[in-house]
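The block underneath contains the structure these notes are about, expressed in structure tokens.
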There are 2 protein chains.
Amino acid sequence: MRENKSERIRIKDIAIKAGVSVGTVDRVIHGRSGVSESSKKKVEEILKQMNYQPNMYASALASNKKYNLACLLPIHTQEDYWIDIEAGMEHAVSTYKDFNIRLNIMYYDQYESGAFAEAGKKMLESNPDGVIMAPSSEDETKSTTLQLQERNIPFIFIDSNIRSLNPLSFYGQSSHSSGYFAARILSLMAEHNEPVVIFRLIYGGRLGSNQQRNREEGFREYIKNNCPGIKLYELDFYVKNPENNERIMEEFFAKHPEINCGITFNSKAYIIGEYMQKINRKGFKLMGYDLLRRNVKCLKAGTIDFIIAQQPTEQGQSCIECLFEHLILKKEVKPYNYMPITLISRENIDFYLDAHVRTNNI
Amino acid sequence: MRENKSERIRIKDIAIKAGVSVGTVDRVIHGRSGVSESSKKKVEEILKQMNYQPNMYASALASNKKYNLACLLPIHTQEDYWIDIEAGMEHAVSTYKDFNIRLNIMYYDQYESGAFAEAGKKMLESNPDGVIMAPSSEDETKSTTLQLQERNIPFIFIDSNIRSLNPLSFYGQSSHSSGYFAARILSLMAEHNEPVVIFRLIYGGRLGSNQQRNREEGFREYIKNNCPGIKLYELDFYVKNPENNERIMEEFFAKHPEINCGITFNSKAYIIGEYMQKINRKGFKLMGYDLLRRNVKCLKAGTIDFIIAQQPTEQGQSCIECLFEHLILKKEVKPYNYMPITLISRENIDFYLDAHVRTNNI
DNA sequence: AATCAATTCGTGTGCGCACACAAAGGTACA
DNA sequence: TGTACCTTTGTGTGCGCACACGAATTGATT
């Protein structure tokens with residue numbers, strides 16, 4: 001009597017106990033019509049009583065449904081952060097391959113107004129079952145999310161969040177908190193309240209990203225509260241004129257030879273690190289963000305002291321998992337998922353590369 | 001023609017292409033006997049050519065196999081680290097519930113010689129398909145792992161590793177590296193090369209764990225290489241006489257009022273943190289290990305500055321996933337899995353609690 | 001040529017579920 | 001009472017796979 005093995009409860013078990021057929025139970029479970037009130041009540045009661053948990057694998061096997069996921073990211077060429085996010089998503093998709101999940105990644109130009117909405121339109125035409133996107137500004141993003149909501153298509157924000165647009169979930173890092181934390185570490189490095197320079201990336205007269213701004217805000221808040229004696233300078237680079245970077249640094253450090261400590265709130269700390277190596281200046285204390293290959297190289301060379309990582313691979317993976325759980329397992333998902341704020345130096349970097357896993361001998 | 005949909009390849013597809021029946025393909029895939037050399041070659045060829053990937057969910061559904069996993073841990077009462085490991089394992093088991101995986105956790109007294117082997121014997125009697133264990137000393141552990149190897153039962157080490165016993169895989173943290181990293185951070189806090197005290201836990205005249213010893217070694221190595229000017233003191237507590245802890249600290253700090261910086265390489269930093277709070281001494285710089293509730297409380301209160309975490313929940317989860325992939329998916333698994341060495345302060349602690357996920361408003 | 005055993009292979013059934021279809025029951029009206 | 005129609009319910013089939021069983025083929029032996 002395999003019925004008695006105290007194993008998992010099947011639809012059949014429910015049907016027997018309720019005195020109906022499996023078809024009726026199936027109809028109740030899926031909320032389909034054609035069930036009398038009395039049968040419905042009885043089945044629902046027994047479902048709850050026996051705490052029925054469907055075998056999602058058998059279910060997926062039988063239904064043979066296909067899921068199309070769409071993803072909308074800013075155009076990136078060679079940017080490790082987004083590459084890692086994509087890799088994480090692809091990896092998760094491949095682990096769910098038997099559920100017939102397909103992922104279609106599309107891009108928009110984050111610096112061109114209207115580009116997001118246009119890409120969003122194309123994305124909608126692909127008729128996705130779920131969407132992941134790195135939002136643009138609220139105004140740019142809104143038209144797309146409204147259409148998604150109309151069509152009842154769940155969407156997730158990655159990287160940065162716009163609460164008012166009500167995504168199913170958010171995956172990313174709290175920029176403000178990470179800046180706050182960075183300040184704690186930097187203030188330890190800045191002995192005797194020595195001055196600190198903030199290196200910034202400017203695009204079109206403004207900071208290149210919201211993240212950059214939020215991190216700087218968090219940073220300044222910590223400094224103001226805990227070590228107001230530290231004087232903060234700013235040094236701006238221009239995205240459109242990278243050829244000027246070296247000259248900008250030259251001029252700045254000629255004017256401020258006393259400054260020996262700096263931080264970037266974008267991912268391009270290697271600009272400074274590589275410069276320091278080039279002019280052979282040692283001991284400049286530098287912090288930055290993201291494990292770009294060039295940043296890691298500087299970290300190992302000693303020209304960057306600390307990096308704060310966002311774990312992009314995990315972010316990408318988690319987004320797919322989230323849609324999987326929502327669409328297929330029909331589980332509740334958490335609305336906010338803030339990645340840990342991890343501090344990385346040359347002493348622990350090895351344990352963060354290769355997705356937290358090492359295969360060689362330590 | 002659903003055959004042409006460029007979908008996943010099924011056994012049936014292989015059978016048609018090889019001009020045999022699904023039964024024969026099945027026999028080849030599972031290496032069962034009763035297949036002629038010619039058929040075998042043909043099928044194997046086409047399997048490779050079409051890159052056949054079985055649908056593991058359908059496979060599990062059809063085979064209806066049960067898997068018993070066993071786990072052997074040191075006895076712990078109220079120790080958050082082990083509790084979190086168990087929680088991680090249970091969580092992973094529940095996500096694989098449809099694969100008929102059961103987990104049986106058993107315990108041994110890590111301080112009693114012979115206890116591990118005895119518990120190992122009991123564990124073997126439960127006839128497990130896979131094993132996870134926190135090893136004791138090499139000698140104590142060896143008899144059990146030898147029997148496992150004889151019976152071809154895969155086993156994973158968690159927390160600490162004994163390479164010579166050849167586990168299928170290892171999950172844990174590199175103790176030495178984490179001590180090395182801790183030293184980098186502590187040396188930033190110890191201004192002007194001020195002295196540092198190492199708080200230690202002694203059991204039966206020796207350090208209470210290998211981890212503690214390895215971390216301290218890594219720590220001392222960094223200090224020696226990078227800031228030999230820092231003088232290191234030791235202060236020993238005795239596991240068996242916790243009532244003496246306060247007196248021990250009193251005497252020590254009476255003798256060394258100049259010491260304002262300390263570190264523990266065990267998980268009990270709260271002993272010092274709570275003492276500092278009790279005597280209302282502020283500004284003592286303290287580092288420790290593991291996110292025990294009492295440690296977190298001290299962290300938030302400001303009596304512990306930094307904690308290095310081992311992510312026990314993830315460790316537990318990963319162990320189960322590893323056995324799952326090995327036993328059921330028959331994938332290759334990585335032999336060494338070192339968890340990231342994460343630095344935690346009151347500024348980023350919120351993003352590490354609750355398994356990296358927050359649901360409230362930040 | 002007949003018998004038997006061993007080898008090699010194909011078919012059928014079921015895993016738990018989704019869904020199409022058919023059957024049964026009920027109601028209204030002629 | 002019969003017919004048409006709607007509501008409610010049960011049954012059958014297939015998803016991709018594992019495995020038991022039995023059929024076909026071959027070779028050896030009498």
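Excluded from the calculations below are hydrogen atoms, water molecules and symmetry mates; all remaining heavy atoms, backbone and side chain alike, are included. Every chain is numbered from 1, with letters handed out A, B, ... down the list of sequences.
For A:Lys97, the NZ atom counts as densely surrounded, since its 6.0 Å shell holds more than 12 non-hydrogen atoms of other residues, nucleotides or ligands. The neighbour count for B:Glu332 CD, taken as heavy atoms of other residues, nucleotides or ligands under 6.0 Å away, does not exceed 12. Counting heavy atoms of neighbouring residues, nucleotides and ligands inside a 6.0 Å radius, atom CD of B:Glu118 does not exceed 12 of them.
Distance, B:Asn64 CG to D:dC19 P: 10 Å, rounded to whole Å. Straight-line distance from the OH atom of A:Tyr57 to the P atom of D:dG16: 18 Å, rounded to whole Å. To the nearest angstrom, P of D:dG12 lies 13 Å from NZ of A:Lys12. Going from atom CE of B:Met50 over to atom P of D:dG16 covers 13 Å, rounded to whole Å. Taking atom CD1 of A:Ile29 as the reference point, atom P of D:dT9 lies 15 Å away to the nearest angstrom. A straight line from CG of A:Asn100 to C1' of D:dC15 spans 10 Å, rounded to a whole angstrom. When the C1' atom of D:dC17 is taken as reference, atom CG of B:Leu329 falls 15 Å away, rounded to whole Å. Per the geometry, CD1 belonging to B:Ile16 stands 13 Å off C1' belonging to D:dG16, to the nearest Å.
Under the 3.5 Å distance criterion, the side-chain polar atoms of B:Thr313 are left unmatched by any main-chain donor or acceptor of B:Gly88.
Here the side chain of A:Ser21 is nearest to one of C:dG16, D:dG10, D:dC19, namely D:dG10. Here C:dC21 is the nucleotide among C:dC19, C:dC21, D:dC17 with the atom lying nearest to any side-chain atom of A:Arg27. Of all nucleotides listed (C:dC19, D:dG10, D:dC19), D:dC19 comes nearest to the side chain of B:Arg32. Taking the side chain of A:Thr24 as heavy atoms from C-beta on, and the options D:dG10, D:dA18, C:dC17, the nearest nucleotide is D:dG10. Nearest nucleotide to the side chain of A:Val35, out of D:dT9, C:dC17, C:dG10: D:dT9. In this structure, the nucleotide among C:dG16, C:dC21, D:dA18 sitting nearest to the side chain of A:Asn55 is C:dG16. Picking from C:dG16, C:dC19, D:dT9 the nucleotide with the shortest atom distance to the side chain of A:Lys65 gives C:dC19. Closest to the side chain of B:Ser63, out of D:dC19, C:dC17, C:dC15, is D:dC19.
Residue-to-nucleotide proximity on DNA chain C shows that, of B:Leu61 and B:Lys40, the 5′-proximal contact is made by B:Lys40. The 5' end of DNA chain C is approached more closely, in terms of each residue's nearest nucleotide, by B:Ala58 than by the other of A:His30 and B:Ala58.
Between B:Phe99 and A:Tyr57, the angle of the ring planes lies from 30° to 60°, which puts this pair in the tilted group.
Side chain to side chain, A:Asn161 and A:Tyr336 fail the donor-acceptor criterion of an N or O pair below 3.5 Å.
Checked against the 6.0 Å centroid threshold, B:Tyr67 and B:Phe324 do not count as a close aromatic pair. Two rings, from A:Phe157 and A:Phe170, have their centers 6.0 Å or more apart.
Across all strands, B:Val20 comes closer than 4.0 Å only to sugar-phosphate atoms, never to a base (heavy-atom distances).
Put simply, B:Ser39 has a side-chain N or O that comes within less than 4.0 Å of OP1 or OP2 on C:dC9. When the side-chain nitrogen and oxygen atoms of B:Ser59 are compared with OP1 and OP2 of D:dA18, one or more of them lie within a distance under 4.0 Å. Phosphate contact (OP1/OP2 of C:dG16, side-chain N/O of A:Tyr52, threshold under 4.0 Å): absent.
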Detail all sub-3.5 Å separations between protein N/O atoms and N/O atoms belonging to nucleotides 23-26 of chain C.
none

